[in-house]
Trainee: 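Pasting a structure here, questions to come.
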Amino acid sequence: MNQKRYVVGLGEVLWDVLPEGKKLGGAPANFAYHAGQFLGMDNTIAISALGEDKLAEETIEALKNNNLKSLMPQVPYPTGTVQVQLDEQGVPTYDIKENVAWDNIPFNNDIQDIAHNCRAVCFGSLAQRNVVSRETIQKFLEATPADCLKIFDINLRQQFYTKEVIRESLQHCNILKINDEELVLIGRMFGYPGLDIENKCWLILGKYNLDMLVLTCGTNGSYVFNPGQMSFQETPKVQVADTVGAGDSFTGSFVGSILNGKSIPDAHHTAVEVSAYVCTQNGAMPEIPQRLKE
């Protein structure tokens, strides 16, 4: 591996099996793809693991078709799939298969090299449901340079999270991305359910010494908190095709914009516009129009 400083999506790569067919997904790959649309696709990479099966070959092909670099060792477990059901509003529910390849990401030399030269990494709680991938993610985070942005996109799914994993991840990150429903769950879990959403966010920001906390509230707008400052943006009204990957596109475009030197309010505005556009498209990885990149 060369000494290029990558922006990394680390964790699950999987196929969302939707009513109209299967589409490549997984929050880390989605994040890397959308960050790459702002930073250049050569500068981002998705790290996960694949099985030794036909779906692994299709994954590699789909990543190439999206111009997304990847580092995905093959392991003796099936490539991940998720059954996705959409309600009348296009909002998904997920049935995430267990004991799959991305539960077993090995911490090898190639992954370690990228960690040592990482510019930003986005990780979640889902890929930490199994000890193998959890240890790889923790080793990766500990191996990053001091100036690396470490984004914990909490991404609570089904029963696949614990208080311990969330606390450790909050201690390892410097940016937290969370939605309003997850914020309620975290408030209950950590014992501050009575606070309003803004005070909960300020409390978490201070308690874990975060640089930023990004809160998305669906149609009710979104916030970015950083010490001494808060940015709020309303959610644009659009014709929703589906919301799969919308949150990941928000995170990827926000981080890409910050790394391009944009102010927090400007990066926040870009993220809101990109996320709204992704909601008008099917699947998690549509190409973003040039007007939004600019």
Side-chain angles (χ1 to χ4, degrees), residues 1-2 4-16 23-50 56 58-73 79-80 82 101-102 105 107 110-128 133 136-137 140-141 143-145 148-155 173-175 177 214 244-260 267 270-271 274-275 277-278 281 283-288 292-293:
M1 284 285 165
N2 61 22
K4 189 183 196 62
R5 291 203 71 186
Y6 282 108
V7 172
V8 177
L10 173 60
E12 66 273 15
V13 69
L14 44 84
W15 287 87
D16 290 318
K23 290 193 187 317
L24 184 65
N30 296 341
F31 165 84
Y33 173 78
H34 286 290
Q37 296 208 61
F38 288 84
L39 298 166
M41 298 306 290
D42 279 350
N43 299 311
T44 61
I45 189 165
I47 297 179
S48 187
L50 297 172
E58 290 183 39
T59 306
I60 292 163
E61 189 66 26
L63 291 167
K64 280 182 183 166
N65 288 341
N66 282 311
N67 295 316
L68 181 56
K69 287 181 179 295
S70 62
L71 178 53
M72 301 192 180
T79 299
V82 178
W102 58 261
I105 306 167
F107 190 67
D110 286 344
I111 291 175
Q112 185 173 30
D113 284 347
I114 287 182
H116 287 154
N117 296 288
C118 185
R119 193 177 178 202
V121 55
C122 186
F123 66 103
S125 58
L126 181 56
Q128 298 185 71
S133 290
T136 292
I137 288 169
F140 188 100
L141 295 170
T144 57
C148 177
L149 292 183
K150 298 186 282 282
I151 305 100
F152 178 36
D153 186 352
I154 196 163
N155 215 12
C173 77
N174 44 38
I175 299 176
K177 159 73 167 38
V214 180
V244 178
D248 306 324
S249 71
F250 185 108
T251 314
S253 53
F254 179 77
V255 170
S257 298
I258 290 288
L259 291 174
N260 276 338
T270 298
V274 168
S275 178
Y277 174 78
V278 170
Q281 307 296 302
M285 294 189 192
E287 184 166 352
I288 302 303
L292 291 179
K293 295 180 193 177

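The chain is numbered in sequence order, starting from 1. Only a predicted model underlies this, so the values are computations on that prediction, with no experimental measurement involved.
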Trainee: Strictly distance-based, threshold 3.5 Å: is any side-chain N or O of S253 a donor or acceptor partner for the main-chain N or O of V274?
Mentor: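 Checking the backbone N and O of V274 against the side chain of S253, no donor-acceptor pair under 3.5 Å is found.
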Trainee: Donor-acceptor pair, S133 side chain versus I105 backbone, under 3.5 Å?
Mentor: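 A pair under 3.5 Å: yes.
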Trainee: Going from OG1 on T251 to CD1 on I151, what distance comes out if it is rounded to the nearest 0.5 angstrom?
Mentor: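 If I round to the nearest 0.5 Å, the distance is 8.5 Å.
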Trainee: Can you find a side-chain donor-acceptor pair between N117 and K4 that sits under 3.5 Å?
Mentor: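 No.
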Trainee: Supply the atom-to-atom distance Y6 OH to I45 CD1, rounded to the nearest 0.5 angstrom.
Mentor: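 Separation between the atoms: 5.0 Å.
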Trainee: Looking only at heavy atoms, what is the nearest atom pair of V7 and A35, with distance?
Mentor: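 In this case the closest contact between V7 and A35 is CG1-CB, 4.2 Å.
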Trainee: Any side-chain to backbone donor/acceptor pair from N174 onto K150? Under 3.5 Å, distance only.
Mentor: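 Flag set: sc N174 to bb K150 pair under 3.5 Å.
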Trainee: Quick one, C122 with L10, criterion side chain to side chain contact (heavy atoms under 4.5 Å, CB included). Give me CA distance, side-chain angles, the key distance, then yes/no.
Mentor: CA-CA 6 Å; C122 186; L10 173 60; over 6 Å; no
Trainee: So does R5 get a backbone contact from the side chain of R119, meaning a donor-acceptor N/O pair under 3.5 Å?
Mentor: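 Here the side-chain-to-backbone pair does not exist.
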Trainee: Applying side chain to side chain contact (heavy atoms under 4.5 Å, CB included) to K69 and M41, what does each step give before you reach the verdict?
Mentor: CA-CA 7 Å; K69 287 181 179 295; M41 298 306 290; over 6 Å; no
Trainee: Looking only at heavy atoms, which two atoms of A101 and L50 are closest? And how far apart?
Mentor: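 Of all heavy-atom pairs spanning A101 and L50, the closest is CB-C, 3.3 Å.
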Trainee: Is the ring centre of F107 less than 6.0 Å from the ring centre of F140?
Mentor: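 F107 vs F140: aromatic centres not under 6.0 Å.
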Trainee: Rounded to the nearest 0.5 Å, what separates atom CZ in F254 from atom NZ in K177?
Mentor: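 F254 atom CZ to K177 atom NZ measures 11.0 Å (nearest 0.5 Å).
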Trainee: Nearest 0.5 Å please: distance from the CG atom of L39 over to the CG atom of L259.
Mentor: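 Spacing of CG (L39) from CG (L259) equals 5.5 Å.
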Trainee: For a 4.5 angstrom cut-off between non-hydrogen side-chain atoms, does V121 reach C148?
Mentor: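 Touching, per the 4.5 Å side-chain cut-off.
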Trainee: Can you measure from CG (L24) to CG (N65) and round to the nearest 0.5 angstrom?
Mentor: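 Result: 10.0 Å between the selected atoms.
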Trainee: Using 0.5 Å steps for rounding, measure from the CG atom of N67 to the CG atom of D42.
Mentor: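 N67 CG to D42 CG: 9.0 Å, rounded to 0.5 Å.
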Trainee: So, for A127 and G11, which heavy atoms are closest and what is the spacing to 0.1 Å?
Mentor: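 Smallest interatomic distance, heavy atoms only, reads CB-CA, 3.6 Å.
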Trainee: If every non-hydrogen atom of A32 is compared with every non-hydrogen atom of T44, which pair is closest and at what distance?
Mentor: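 Shortest heavy-atom contact: O-OG1, 3.2 Å.
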Trainee: Walk me through whether W102 and M72 qualify under side chain to side chain contact (heavy atoms under 4.5 Å, CB included).
Mentor: CA-CA 9 Å; W102 58 261; M72 301 192 180; over 6 Å; no
Trainee: Mind listing the closest non-hydrogen atom pair of C118 and V8 along with its distance?
Mentor: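 Heavy atoms of C118 and V8 come nearest at SG-CG2, 3.9 Å.
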Trainee: Checking the side chain of S48 only, and the main-chain atoms of V13 only, is there a donor and an acceptor separated by less than 3.5 Å?
Mentor: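 The answer is yes, because a donor-acceptor pair under 3.5 Å joins these two groups.
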Trainee: Where is the tightest heavy-atom contact between Y33 and L68, given as atom of each residue plus distance?
Mentor: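 Smallest interatomic distance, heavy atoms only, reads N-CD1, 3.9 Å.
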Trainee: Please determine, by modelled atom types, if W15 and T79 share a side-chain donor-acceptor pair under 3.5 angstrom.
Mentor: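 There is no such pair between these side chains.
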Trainee: Given S125 and F152, is the side chain to side chain contact (heavy atoms under 4.5 Å, CB included) satisfied, shown in steps?
Mentor: CA-CA 8 Å; S125 58; F152 178 36; 4.3 Å; yes
Trainee: Would the distance check show the side chain of S257 and the main-chain N or O of A267 forming a donor-acceptor pair, the cut-off being under 3.5 Å?
Mentor: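 Side chain of S257 to backbone of A267: no pair is present.
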